[in-house]
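Here the structure is a predicted model, which is why all the values come from computation and not from measurement.
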Amino acid sequence: MQEEQNRNIEEATERVKERLPLEKIRCIPKYKDLSSEDYEKLIKNTETVALLILKAFILENNQV
């Protein structure tokens, strides 16, 4: 079960990278000098925030 969830997260992360490649992110003035290493960190941090929001939402709905 955990392996399937991890695979789903990895697939979702890859879809985000396809939709928002580094070149497209660099078009945003704030990120114009973004390195590929920083891009990976940005994607990972965004993934973490999204998962935390999702977890909070699920926990809240389970308590209702």
Quiz item: Which heavy atom of Leu20 sits nearest a heavy atom of Tyr39, and at what distance?
Solution: O-OH, 2.7 Å

Between atom [atom1] of [X] and atom [atom2] of [Y], what is the distance when rounded to the nearest 0.5 Å?
| X | Y | atom1 | atom2 | value |
| --- | --- | --- | --- | --- |
| Leu51 | Gln5 | CG | CD | 10.0 Å |
| Asn61 | Gln63 | CG | CD | 9.5 Å |
| Thr48 | Ile9 | OG1 | CD1 | 9.5 Å |
| Leu22 | Cys27 | CG | SG | 10.0 Å |
| Asn45 | Asp38 | CG | CG | 10.0 Å |
| Ile43 | Glu14 | CD1 | CD | 9.5 Å |

Practice problem: Evaluate whether atom CD of Glu3 has more than 12 neighbouring non-hydrogen atoms of other residues, nucleotides or ligands under 6.0 angstrom away. | Solution: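 It does not: Glu3 CD has 12 such atoms or fewer within range.
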
Quiz item: Do any N or O atoms from the side chain of Arg26 and from the backbone of Leu34 form a donor-acceptor pair under 3.5 angstrom?
Solution: yes

Self-check item: salt bridge (Lys or Arg N to Asp or Glu O under 4.0 Å) assessment of Lys17 paired with Glu40
Solution: CA-CA 9 Å; Lys17 287 181 178 180; Glu40 292 297 326; 2.7 Å; yes

Quiz item: Salt bridge or not for Lys44 and Glu47, using N-O below 4.0 Å?
Solution: yes

